[in-house]
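As the structure lists them, so they are numbered: ligands from 1, and atoms in each ligand from 1.
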Amino acid sequence: MLDKQNSGKLFQSAKKVIPGGVNSPVRAFGSVGGTPVFVKSGDGAEIADEDGNKYIDYVMSWGPLILGHCHPQVIEVLEDTIKKGTSFGAPTALEEELARFIVKRIKSIDKLRLVNSGTEATMTAIRLARAYTDRPLIIKLEGCYHGHSDGFLTQAGSGMMTSGMPASPGIPEDITALTIGAPYNSSEAILSIFRKHGEDVAAVIAEPIAANMGVIPPVDGYLQTLRDVTADFDTVLIFDEVISGFRVAFGGAQELYEIEPDLTCFGKIIGGGLPVGAIGGRAEIMDLLAPEGSVYQAGTLSGNPLAVSAGLATLKFLDEKNPYIQLDETTELLEMAMTDNLKEAGIEGIIQRVGSIMTLFFTKNEVRNFDDAKKTDTKLYRKYFHGMLDKGIYLAPSAFEAMFISTAHTTAHIERTIEAQREVFKGI
Ligand code: KE4
C-alpha cells in the first residue's frame, strides 16, 4: 500500500469547506472507495501526489491533455500570453484565430461560439435547437453524459452513473419530461420514438462515440440512422464531441464516421487543459445566437486569452504533427497486451477502444449500451483500480469512464502498466 497520509489529511479538511471535499463528484473515489489522491504536479504522462508518490496517468484531466501534462509548447504560449493579461471581457484577435482554425477544418462548422465548459456548450446547443425548430422535445441516449444542465440529468453517464443516480433531485419534472431517453446503439428505438413524437423533437444529442459509460463505439449504421431520421423530421442533430473532438481523429468522430451533424459541441482538448467549451455548426442555426440573433448566451470568461492560446497551441501541434497514428499504435499496444493479460489470468474482460480512448470492462460480452455497461463487474473493477493505484498506475476512479492516452505516453509507460496489471491480476 502506498503512503497517502497527506492526501488523507487534505481530503478530511477539504470536506469541511467543499461538498464531498472535491469540485467534481467523480474525483471523490465514491465508486471505488478509499481516499482520493491529491495531485501536486504533472509532467508528461505522469503525476505526483501530495505524498510524493508518482503515477502513470491515464485520466489526463479526463481528456484535455492529449499532449500530456505541461507540454513545452503549451507552457511557452501561456507564459507569453499571461504577461499581457488574463482576461479583458472584450473581443480579442486570438478568439477569431481559434474559431477560424476550427471552422476551416471541420466541414460541418460555419460558425463557432466559445464558452467555458462542455456543459455550457451542450446547454446552448439545446437552446439553439429549440429556437431553430420551435419544438420542445430533446432525445438523449441513455448512458451518454453531456454535462450537468437540467435537461440532461436523466439516465446520464459519467459521475451520475458512478454514483448510481438515475436522475438528480432539484430538477422539476416539467423539465425532465421534455427529455426522451433512448438506448444507445438502437436504431429501432430511435425510429419508433420519431414515429410517435417526430414533429415535436427539436434535437437528438449524441456522443458519437459513447465514452461516459465506458467506451462504446457506435454499431455500423447507427450514426447514419440518427442523421437520416433527424434530416427527415427537420430535427437538429447535435454531436457532443467534447471527448471525441480532435481526439479520435483530427476532425473527431464526424470525420471518422463521415457523418455531418448540424451542431457540434467541443470542450477539453480545444482548451489545452484550461476551461473551455464551444458550439459550432451551420450558420443559419448559429446566427440565432445573441447578439446576431435573439437566443441569449453569454460568459464573462468566454474566449479568454489563456484558454484560447493553450487550445490553439494544442490544435496547431495536432494539425502539424498529426500524432494520430502514433496515438493509435500506443493505445493498440496497451489494448493487445491487456487482452493477453486477461487471458493469461483467466479473468473475464473485454477492451473497447477507439483511437486513444479505451475502457477495460470486466465482462465476457460486448458492451453496446447502458444496460450492458451496468452489468459489468464493478466490484472487480474496484479491486483492480486499487491494485493498479498501489503500483503507480492512475486509472479512472470509476468503471464507467475512458482511459486517455497522450502523445507523452511512451512504450516504456505501456510496458510498466502491463507489468503492473499482470501482478495485480495474479492477486485478484
Ligand atoms: P464539462 O462541463 O465537464 O467541461 O463537460 C461536460 C461533458 C460534456 N460532454 C461530454 C461527452 C463529456 O464527457 C463531458 C464531461 N466529461 C466528464 C468525464 N467523463 C468530466 C469529468 C467530471 O465530471 O469531473
Asks: Within a radius of less than 6.0 Å around CD1 of Ile325, do more than 12 heavy atoms belonging to other residues, nucleotides or ligands occur?
Replies: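 12 or below, so no.
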Asks: What pairs with Asn341 under side chain to side chain donor-acceptor pair (under 3.5 Å), at least two apart in sequence or on another chain?
Replies: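 By the side chain to side chain donor-acceptor pair (under 3.5 Å) rule, Asn341 matches Gln421, Arg422.
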Asks: Salt bridge (Lys or Arg N to Asp or Glu O under 4.0 Å) with Glu96: which residues, sequence neighbours excluded?
Replies: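 In terms of salt bridge (Lys or Arg N to Asp or Glu O under 4.0 Å), with neighbours along the sequence ignored, Glu96 is linked to Arg100.
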Asks: Under 6.0 Å from the ring centre and within 45 degrees of the ring axis: does the NZ or CZ of Lys40 meet both conditions for the six-membered ring of Phe38?
Replies: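 Negative - Lys40 is either too far from the ring of Phe38 or too far off its axis.
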Asks: With hydrogens left out, which residues have an atom under 4.0 Å from ligand 1, given that only heavy atoms count?
Replies: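 Contacts of ligand 1 under 4.0 Å: Ser24, Val26, Trp62, Ser117, Gly118, Thr119, Tyr145, His146, Gly147, Ser158, Glu207, Asn212, Asp240, Val242, Ile243, Lys268, Glu401.
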Asks: If you count the non-hydrogen atoms of other residues, nucleotides and ligands that lie under 6.0 Å from NZ in Lys15, is the total more than 12?
Replies: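 Enclosed: over 12 neighbouring heavy atoms sit under 6.0 Å from NZ of Lys15.
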Asks: So, using side chain to side chain donor-acceptor pair (under 3.5 Å) as the criterion, who are the partners of Ser7 when residues are at least two apart?
Replies: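 For Ser7 there are no side chain to side chain donor-acceptor pair (under 3.5 Å) partners, ignoring immediate neighbours.
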